[in-house]
Amino acid sequence: RSKILVIAIVMIASVNFMNAQTNFGIRAGINLGNVTGMDMNESIPGVMSISSTTSMGVGFHVGAVANMEINDNWVFAPEVLYYTVAFKETINISETIFGVSTSQSTSGTGSFSYIQIPLLIQFKLNKEGGLNFSAGPEFGIMMGSSVTSTDATGASTTTSGTSGYNTLNIGLGIGAGYMLDMGLGFD
């Protein structure tokens with residue numbers, strides 16, 4: 001019975017979506033973000049200490065969006081985006097060998113790129129535009145990474161690839177936006 005109920009709901013939803021008005025558009029913007037899980041603070045007392053911190057960087061996103069009206073107030077809004085997350089990293093190393101202490105600092109920048117697929121449901125306060133709220137799952141597939149480190153002497157090293165990273169990103173998107181009468185929206 002439950003399989004028949006699910007099939008019936010999907011068929012009804014499909015018919016409703018086919019009759020719905022669908023609009024397509026482009027989306028572009030900046031991302032202010034950071035990465036987590038890379039900070040560390042390790043030490044061997046009297047011998048060595050290593051600390052690493054990350055901070056916010058600036059990335060971007062660009063892609064396509066579809067708005068499929070379910071009714072006057074509800075919209076299914078799937079998107080396909082090329083999305084980058086950027087960050088800055090600082091690593092400090094201090095060591096003491098035979099009573100002589102040294103320290104060095106390394107700084108760097110990095111970015112991760114994804115194909116991001118948000119599947120959002122949007123609630124519009126007014127059919128013609130204005131304020132709206134959205135929420136739904138987001139799926140991201142890592143396409144690559146690039147991390148450039150520069151040491152105290154000015155020498156730099158760049159690494160790239162996806163090895164060692166979780167290449168699937170699953171999250172929940174929650175947002176608010178405003179649609180102008182001419183069709184230009186801000187989220």
Side-chain angles (χ1 to χ4, degrees), residues 24-67 76-122 134-178 184-187:
F24 297 95
I26 58 171
R27 178 175 302 278
I30 63 169
N31 301 329
L32 302 175
N34 196 356
V35 295
T36 59
M38 294 179 67
D39 292 350
M40 78 169 135
N41 200 355
E42 302 289 331
S43 67
I44 301 171
V47 179
M48 174 186 265
S49 70
I50 300 173
S51 66
S52 169
T53 58
T54 60
S55 60
M56 183 175 65
V58 179
F60 70 93
H61 63 269
V62 63
V65 61
N67 286 323
F76 176 56
E79 303 176 9
V80 177
L81 306 170
Y82 177 77
Y83 186 97
T84 64
V85 177
F87 63 94
K88 298 174 186 172
E89 182 177 31
T90 303
I91 300 171
N92 296 306
I93 302 171
S94 300
E95 49 189 352
T96 304
I97 301 174
F98 301 115
V100 178
S101 296
T102 61
S103 64
Q104 73 180 55
S105 187
T106 301
S107 63
T109 59
S111 67
F112 299 121
S113 58
Y114 293 89
I115 297 296
Q116 192 82 4
I117 304 169
L119 303 173
L120 305 175
I121 297 292
Q122 189 178 83
S134 59
E138 294 187 357
F139 304 93
I141 301 165
M142 181 184 270
M143 302 305 291
S145 70
S146 177
V147 178
T148 301
S149 300
T150 305
D151 65 20
T153 66
S156 65
T157 305
T158 300
T159 57
S160 59
T162 59
S163 180
Y165 295 110
N166 182 359
T167 57
L168 180 62
N169 180 9
I170 299 173
L172 176 65
I174 299 173
Y178 191 87
L184 181 63
F186 300 93
D187 292 321

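This one's a predicted model, so the numbers in the text were calculated from it and none came from an experiment. Note: hydrogens, waters and symmetry copies are ignored here, and every other heavy atom, side chains too, is used.
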Legend entry - Pairwise distance CG(D187) to OH(Y178) - rounded to 0.5 angstrom: 13.0 Å
Inset, instruction - Can you tell me which residue pairs pass the side chain to side chain donor-acceptor pair (under 3.5 Å) test with a partner in residues 79-88, sequence neighbours excluded? - result: R27-E79
Inset, instruction - To the nearest 0.5 Å, tell me how far L119 CG sits from F139 CZ. - result: 6.0 Å
Legend entry - Minimum-distance pair of heavy atoms, taken over all atoms of S156 and T150: CB-OG1, 3.7 Å
Inset, instruction - Starting at CD1 of I141, measure out to CG of L168 and round the result to the nearest 0.5 Å. - result: 7.0 Å
Inset, instruction - Quick one: closest heavy-atom pair of L81 and A64, and the distance? - result: CD2-N, 4.4 Å
Inset, instruction - Measure the shortest side-chain to side-chain distance between L32 and V58 over non-hydrogen atoms and say whether it is less than 4.5 angstrom. - result: yes
Inset, instruction - Kindly give the heavy-atom pair with the smallest separation between H61 and N31, and that separation in Å. - result: ND1-OD1, 2.8 Å
Inset, instruction - Could you walk me through whether N169 and M142 pass the side chain to side chain contact (heavy atoms under 4.5 Å, CB included) test, one step at a time? - result: CA-CA 8 Å; N169 180 9; M142 181 184 270; over 6 Å; no
Legend entry - Contact summary for S94 and S103, nearest pair of heavy atoms: OG-CB, 3.6 Å
Legend entry - Interatomic distance, T167 atom OG1 to F112 atom CZ [nearest 0.5 angstrom]: 12.0 Å
Inset, instruction - Kindly give the heavy-atom pair with the smallest separation between Y114 and G140, and that separation in Å. - result: CD2-C, 4.1 Å
Inset, instruction - Kindly compute the distance separating CD1 (I91) from OG1 (T54), expressed to the nearest 0.5 Å. - result: 10.5 Å
Inset, instruction - Evaluate whether atom CG of L184 has more than 12 neighbouring non-hydrogen atoms of other residues, nucleotides or ligands under 6.0 angstrom away. - result: yes
Inset, instruction - State the OG-CG distance between S134 and N67, to the nearest 0.5 angstrom. - result: 10.0 Å
Legend entry - Side-chain H-bond candidate by donor/acceptor type, T148 with T158, under 3.5 Å: yes
Inset, instruction - Give the C-alpha distance, both sets of side-chain angles, the deciding distance and a yes or no for side chain to side chain contact (heavy atoms under 4.5 Å, CB included) between F87 and V147. - result: CA-CA 9 Å; F87 63 94; V147 178; 4.1 Å; yes
